[in-house]
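Lettering follows sequence order; numbering is per chain, from 1. Just the heavy atoms: all of them, side chains too, but no hydrogens, waters or symmetry mates, feed the values below. Values in this document were obtained by computation on a predicted structure and should not be read as measured data.
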Amino acid sequence: MVPMKTRLILLMAVTALASCSSRGPLTPALPPSGIDALLGQARQLEQTGDLTQAIALAERAVRIEPRNARAWHQLARLYRDQGDGARARQFARRSIQFADGNRALIEANQRLIDSLE
Amino acid sequence: MPRAKRRKKKPASSRRSLGQRLVLFGLLPISVVLALYTVYLDRIVTDKFEGKRWAIPSRVYARALELYPDKRITPEQLVAELKLSGYRASADGMSPGSYHRRGPRLTLATRRFSHWDGVEPARLLEISFDGGRISHLVDAINNTAVPLARLEPMQIGTLYPAHKEDRILVKLEELPGYLIDALIGVEDRHFMSHHGLDFTGIARALLANIRAGGVVQGGSTLTQQLVKNFYLSSERTLSRKFNEAIMALLLELHYDKREILQAYANEIYLGQDGARAIHGFGLAAEFYFNKPVSELSLPQATLLVAILRGPAYYDPRRHPERALKRRNQVIDTLARDGRITPDQAQRAKQAPLGLSPKPAHGSGRYPAFIDLVKRQLRHDYREADLRSEGLRIFTTLDPRQQQLAEEALRRWLERLEKDYRMTPGLLQGGVVLSRAGSAEVTALVGGRDARYRGFNRALDIRRPVGSLLKPALYLNALEQGYTLASPIQDEPIDVPLEGGRLWRPDNYDHIHHGQVMLIDALAHSYNLAAVQLGTTLGIGSTIETLERLGFQRPLKPYPSLLLGAVEMAPIDIAQLYQTLADEGFHTPLRAVREVVDQQGRPLQRYALETEQRFDPATVELIGHALEEALRRGTGQRAAADLPANIHLAGKTGTTDELRDSWFAGFSRDLVGVVWLGGDNNEVTGLTGASGALRVWIDIMKRLTPADQPLPMSADIEWLEIDPASGLRAGGGCAERRRVPFIRGTAPRDYAPAPASPCGALWEIYGRS
């Protein structure tokens, strides 16, 4: 037999949990940032080959955050895909400039530049 | 039988009298002529209707505001943007084009918009703010987080409206039901059933006109009115009416009621805005109410129907009582026809006219910026294409920054005129703002009266620039092995010119400062030091630096170039300082993002371009020197009130006899250039610091968040230096300064022992 007190506590706990799960609309789970969303879409379009649209999205990301190294890197890749080596190189350099110690990104850019030689 | 027949025939043919024969033979050519004429009119009708003759101008848009979690924006700033775009405050913020603010929360119903790279659907957004940023962005219908929402951009003008005509084309579906009902009910009750002419209408009008003894009523159908507006001028002769009638019949023959109604809705003349004629409900809705036609309320829609009978006579801004009276008659008609309930009619009649303030002239709100847009487009398009194809041009203008810049300029010009006792109206100015990173021009001010489409000082003045070019000289020096601590001699120098003459420049304060550190020579803008250094390095190499920074016109290699004896415009300076702000990456300044044609296809990709032209760390050192210039150099007086955690850098420029006042500089995210002067080169008495810098700081401090230091790469190290010798400061030195160096370039030696004076302190005044 579960004592009354315990039942009450259990009841309160369950109620609390239930109200937790039905919390109001203004506290959603961690959303992707605006830039992440754009760059994610751009990467998808890069894979399907819609480079023009991908570039439009990556440029939009750069406009929102002109110092975002990943956005510049994405642009570099897209222009490389399009065969525009000159632009690709410059955007990769820009990305390095903003990479702020992100070794992986700096190296990715460097590899991209090297591959264009 | 044949005899009888012949006898029968003879009387039959002879029955035709001369008169009848004449009529027959007369009628034939007449009917042929009529038939041909009808064919001719028919051709006009179909040709014109196919829409090719409408001169649809290109629409120009400002940049679209992007909303996302963590975006730095306050509720007040967002509301200001929304208002500029024609959004209205409402009780719940749920109808499209409205918003509702409750403290740190804002509900916003955006409008659907076709951007050049995709459609942004209409949304109902719940936005929460915290600490000057967006904390949450939620789609209120689906209850999902929105990572990014783009508002529709503000339309800032139209380009090249041909024949002074203008349109916002609307589809029939966009017109509110009561607008159509009112139109038909008031103007042409049998529109849906007649074939172009309404004979009962004509009869009724005839009767009314006879009774009144003049023309008080037109019996014209909507079709006839369309013909009148469309093809013919406003003569009211009998032959005109005849043409009109035929063409109306032809129109109905070729096109159905929907098409005719839609054409009418886009063609009907509804008002005048100076030289610009307002045609069509779309444009009229914007002109009178600053909203899309689909959002018109019942009283607003009926007002438009009321106006069309006589847009000048019933002008609601000039004759509000007349307009209101007629509007209420239209509302009564709707009620009489059973389209609205008596209750709705009552409420509508009591509503005020609901007009928005008269908007600035169609392409006139930002003429200086539009001027820049036109010039950039002229590079890539034929003018004819731009004039008639209904293009949509998406630009980089930031309306809020533009407004700040305009107001700051106007405010300071008035104040400076007063303080310096100048003739009112004499002082003029130009401002350019652009974003670091993307080099997008966000604001362009062409003169103190920003609405006036006149001389564009931001683009077209050609004035000497004083010390604005010194950063190029010192950047050149750093590239050639100098450091910020390198000693430079601020001592008199005689420079031989062509023709054997000697040039003897001097400092503004006429003081010779002796040996100074390079950073101080720049920060305090010493002329002698600059000429000493510049002639040592060779003028050619400084010219080359200027070209790499982005100056494109030819430069003559005169030594006076070092002190700014070159004629430039604010936009030229903006390009140079853009490259400095962007750590040596040159990106051409751009005002246009994208252009799409009427079908939504991009006409030209204004692809982003950038080129690394300098070593970033070297440019960052110049940036630091320019920050010094502002804080402790020639800009220090004006910058004295600037909080220490707002990081700005820039250079003053003053010309001979104090005619031109310049300031150019940047924050981490924004580049700004200000010029002040008289249009006729008058002496203003202003230096760069006392004039342009005041405007510049006013603008930049409002747009620069705190705690955003200028970039400094990891290659840079800071050392304490003895300013007198430019060597490392040893223990016990009286004066020491922290100076940045690229790793490995800092001086290795220490300053002499404390016995010798470490460095003389000198008073520094803020004049360059």
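Of residues 65-77 of chain A, those residues lying under 4.5 Å from chain B by any heavy-atom pair are A:Pro66, A:Arg67, A:Trp72, A:Leu75.
For the residue pair A:Arg94 and B:Thr610, a side-chain donor N or O sits within less than 3.5 Å of a side-chain acceptor on the partner. A:Gln90 and B:Gln612 share no donor-acceptor pair across their side chains, judged by distance under 3.5 Å alone.
Contacts of B:Arg668 with chain A are made by both backbone and side-chain atoms, with heavy-atom separations under 4.5 Å. Neither the backbone nor the side chain of A:Ile35 comes within less than 4.5 Å of any heavy atom in chain B. Residue contact with chain A, scored on non-hydrogen atoms closer than 4.5 Å, involves the backbone and the side chain of B:Asp117 alike. In this structure, chain A has no heavy atom under 4.5 Å from any part of B:Asp139. Using a 4.5 Å cut-off between heavy atoms, B:Ala140 makes no contact with chain A at all.
Taking 4.5 Å as the limit, some side-chain heavy atom of B:Glu66 sits within range of a side-chain heavy atom of A:Arg60. Between B:Arg593 and A:Glu59, the closest side-chain pair of non-hydrogen atoms is not below 4.5 Å.
Rounding to the nearest 0.5 Å places CZ of A:Phe98 at 7.0 Å from CZ of B:Phe585. With values rounded to the nearest 0.5 angstrom, B:Ser713 atom OG is found 10.0 Å from A:Asp100 atom CG. Taken to the nearest 0.5 Å, the CG atom of A:Asp36 stands 12.0 Å off from the OH atom of B:Tyr68. Within the model, atoms CD of B:Glu609 and CZ of A:Phe91 stand 7.5 Å from one another, a figure rounded to the nearest 0.5 Å.
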For B:Leu608 and A:Ile55, run side chain to side chain contact (heavy atoms under 4.5 Å, CB included): C-alpha distance rounded to whole Å, both residues' side-chain angles, the deciding distance at 0.1 Å, then the answer. CA-CA 10 Å; B:Leu608 210 46; A:Ile55 287 174; over 6 Å; no
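Applying the salt bridge (Lys or Arg N to Asp or Glu O under 4.0 Å) test to pairs two or more places apart or on separate chains, those with a residue in residues 102-117 of chain A are A:Arg103-A:Glu107.
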